[in-house]
Amino acid sequence: MVELTADVGRFLANVRFEHLPPDTIQVVRDAFADTVGVVMAGVDQRLSVILRKTLVEPSGRQESRACLSTRLVAGPDAALLAGAIAHALDYGCQTMSGHPGGVIIPAILAEAEVLGSTGEEMVTAFVAGYEVWCEVWRRNKSYHQAGWHPTALLGPLATASACAVLRKLSAEKAQMAVAIAASHSGGLFSNFGSMTKGYHSGMASRSGVIAARLAEAGMTGGADALENEQGFLTAFSSGGTPDRDSPSQLGKEWYLPRYKLQFKMHPSCFFMHRSFEGTLKMLGDRKIDPDEVESVEVEMGRGQVTVLVHNQPKNQYQAQFSGQFGIAAAVILGKFGVPEIADEVVQRPDMQAFYPKVKLKAVEAFDPRDPVFSPTESVVMKLKSGEIIESGPIATIPGYAAEPLTHDELWGKFRECTQQTHTNAQAFELFDLLQQIEKLPSAHALPTCTTIFQD
């Protein structure tokens, strides 16, 4: 059995900006831009208001800007709020069974303001956290099936790792930060389709900040908290046989160039995006009367079907995990943005009548780029006239690992996300700075948004 927890600590103590593979920098820039954008899109969500009024603002400590606003709050609470908002619309970047950007980046921005960290230090911290996420993830890939939310399990470890790098902790203290964070991991799959799923992301972000602070202050954890026979890997293993023996790849074989982030063009679980886009392409300019559709069969990976559990969604949160909603949106709405996911749209009689026509069919094949997906998906629509319309194999869509968003596509999403918080000029300034994050002298170089949290 390897000394995985100690290996993680040594990696975090020794990683430097100049060590990072050059082709990771643009991905990190995009991750910062995407995450800040989706935070701005979600600042007025109910989850945001509840957390801000109940937990964040009453604490009174003033360290970091809450979501780059004029409100100063405690660093851990800034991470909690932004981390939860980043996932409130399920619109943030995704890979390796979860949402690293929406967990790690809010914590980095919060702690960087406290520590005065440079852009290079923030980028290094993100890559370090991402690498730890992937190193632990690869040792057990069946979290969803066991009833866990992977973001809530891996997020505290990744965020504690990023904050350990920002705080320049020794190998021993970084090891303790990860061990402490391991006891913060949790988050039930059964809370998908509710505000608590977004709260998972916020808790994971906050927990990592706290773990690194506690470790720096001298708190200890189990030296083998990850690989112990009764440690993290075993506790969260669906089959009880996680990989506790293979050598760590940290700093040797970089994950980020191989397992790139995937950026969403729609505010929902990424598992339903390929079938939505494939249906749009399949129909082209043809307008289908939803009443004339007899049935739709969507073939996708078993891991995807496991997550898309809401067959008859009743609200925004359920629709974000409903393959039925995605197909209904393609046929009836022809688009799928933040306005289309609103409760009143999800509940429309024509949408509700269409959902039962859509069936998801699970296949066992998996995509090596991210094994939770199948290599391709397909949509077969049968009309009452007897006509069959087929999508054929759907392998990739814009934002998927094999088809990354262009600069213009990412800017378009960012501008849409900031419509209610920034003027066009302000949005472009913020986007441009995030696209050169490694050059910033500090997080304070990012402009304050004066139009949110003014109540």
Side-chain angles (χ1 to χ4, degrees), residues 37-54 67 81 84-92 102 190-202 264-273 275-277 279-280 283 287-293 296 298 307-360 379 381 412-422 451-455:
V38 298
V39 167
M40 294 303 163
V43 290
D44 60 351
Q45 291 286 304
R46 285 186 60 207
L47 175 60
S48 169
V49 176
I50 291 170
L51 288 177
R52 187 162 57 89
K53 297 295 186 181
T54 306
C67 304
L81 183 62
I85 295 173
H87 204 39
L89 290 167
D90 223 291
Y91 208 1
S190 55
N191 276 314
F192 280 33
S194 75
M195 282 184 270
T196 298
K197 184 172 188 283
Y199 181 47
H200 287 170
S201 177
K264 298 181 179 182
M265 293 298 284
H266 311 292
S268 74
C269 179
F270 203 42
F271 292 166
M272 52 199 280
H273 289 196
S275 56
F276 169 80
E277 292 283 352
T279 302
L280 285 184
L283 297 178
K287 181 64 177 176
I288 297 289
D289 183 344
D291 290 335
E292 294 305 310
V293 176
V296 182
V298 182
V307 172
L308 300 177
V309 294
H310 294 285
N311 300 331
Q312 189 82 29
K314 299 295 192 297
N315 55 47
Q316 164 191 313
Y317 300 105
Q318 292 181 0
Q320 289 169 333
F321 297 91
S322 171
Q324 286 74 11
F325 175 84
I327 303 302
V331 174
I332 298 173
L333 307 176
K335 55 184 178 178
F336 187 178
V338 174
E340 286 72 45
I341 203 75
D343 289 355
E344 56 269 25
V345 178
V346 177
Q347 296 163 3
R348 277 173 37 174
D350 57 343
M351 298 287 283
Q352 289 289 322
F354 195 85
Y355 300 145
K357 300 181 180 184
V358 181
K359 305 300 180 186
L360 307 185
V379 179
M381 181 180 294
K413 176 183 175 180
F414 187 88
R415 184 65 195 112
E416 177 187 325
C417 286
T418 55
Q419 286 283 355
Q420 304 303 315
T421 57
H422 293 70
T451 57
I452 57 175
F453 305 153
Q454 292 301 310
D455 53 318

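Position 1 is the first residue of the sequence; numbering continues from there.
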Considering all heavy atoms, the nearest Pro267-Phe336 contact: CD-O, 3.6 Å
Donor-acceptor under 3.5 Å (Asp343 side chain, Asn315 main chain): no
Closest heavy-atom pair and its distance - Val345, Pro339: CG2-O, 3.6 Å
Test item: side-chain donor near acceptor, His266 and Glu277, under 3.5 Å: yes
Distance (rounded to the nearest 0.5 Å) between Tyr199 OH and His87 NE2: 14.5 Å
Within-4.5 Å side-chain heavy-atom neighbours: Val338 and Gln419: no
Check: Lys264 main-chain N/O paired with Lys413 side-chain donor or acceptor under 3.5 Å: yes
Donor-acceptor contact below 3.5 Å, side chain Gln320 vs main chain Cys269: no
Inter-residue atom distance Gln45.CD - Ile50.CD1, 0.5 Å rounding: 10.5 Å
Trace of the side-chain contact (heavy atoms from CB on, under 4.5 Å) decision for Leu89 with Gln316: CA-CA 9 Å; Leu89 290 167; Gln316 164 191 313; 3.9 Å; yes
Sub-4.5 Å side-chain heavy-atom contact between Ile327 and Lys357: no
Whether over 12 other heavy atoms sit under 6.0 Å from Lys335 NZ: no
Close side-chain approach of Met381 to Val296, heavy-atom, < 4.5 Å: yes
Main-chain N/O of Asp44 paired to Ser48 side chain as donor or acceptor, under 3.5 Å: no
side-chain contact (heavy atoms from CB on, under 4.5 Å) between Ser268 and Phe325, intermediate numbers included: CA-CA 10 Å; Ser268 74; Phe325 175 84; over 6 Å; no
Rounded distance (nearest 0.5 Å) linking atom CZ of Arg348 with atom CD of Glu340: 9.5 Å
Derivation of the side-chain contact (heavy atoms from CB on, under 4.5 Å) call for Met351 and Leu333: CA-CA 9 Å; Met351 298 287 283; Leu333 307 176; 3.9 Å; yes
From Leu360 atom CG to Phe271 atom CZ, the distance as rounded to the nearest 0.5 Å: 12.5 Å
Closest non-hydrogen atom pair, Cys67 against Ile85: SG-CD1, 3.8 Å
Distance-only donor-acceptor check, side chains Thr451 and His422, under 3.5 Å: no
Expected output: side-chain Thr418 to main-chain Arg415 donor-acceptor under 3.5 Å: yes
Heavy-atom neighbours of Gln420 CD exceed 12 at 6.0 Å: no
Met40 side chain reached by Ile452 side chain, heavy atoms, under 4.5 Å: yes
CG on Leu51 to CE on Met195, rounded to 0.5 Å: 9.5 Å
Considering all heavy atoms, the nearest Phe453-Val43 contact: CE2-O, 3.9 Å
Candidate pair Gln312 and Gln352, rule side-chain hydrogen bond (donor to acceptor under 3.5 Å, both in side chains), full reasoning: CA-CA 7 Å; Gln312 189 82 29; Gln352 289 289 322; 2.8 Å; yes
His200 (side chain) donor-acceptor with Phe192 (main chain) under 3.5 angstrom: no
Heavy-atom closest pair, residues Val346 and Tyr355: O-OH, 2.9 Å
Short side-chain to backbone donor-acceptor contact, Ser322 and Gln318, under 3.5 Å: no
Minimum heavy-atom distance Ala88-Tyr317, with the two atoms named: O-CE2, 3.9 Å
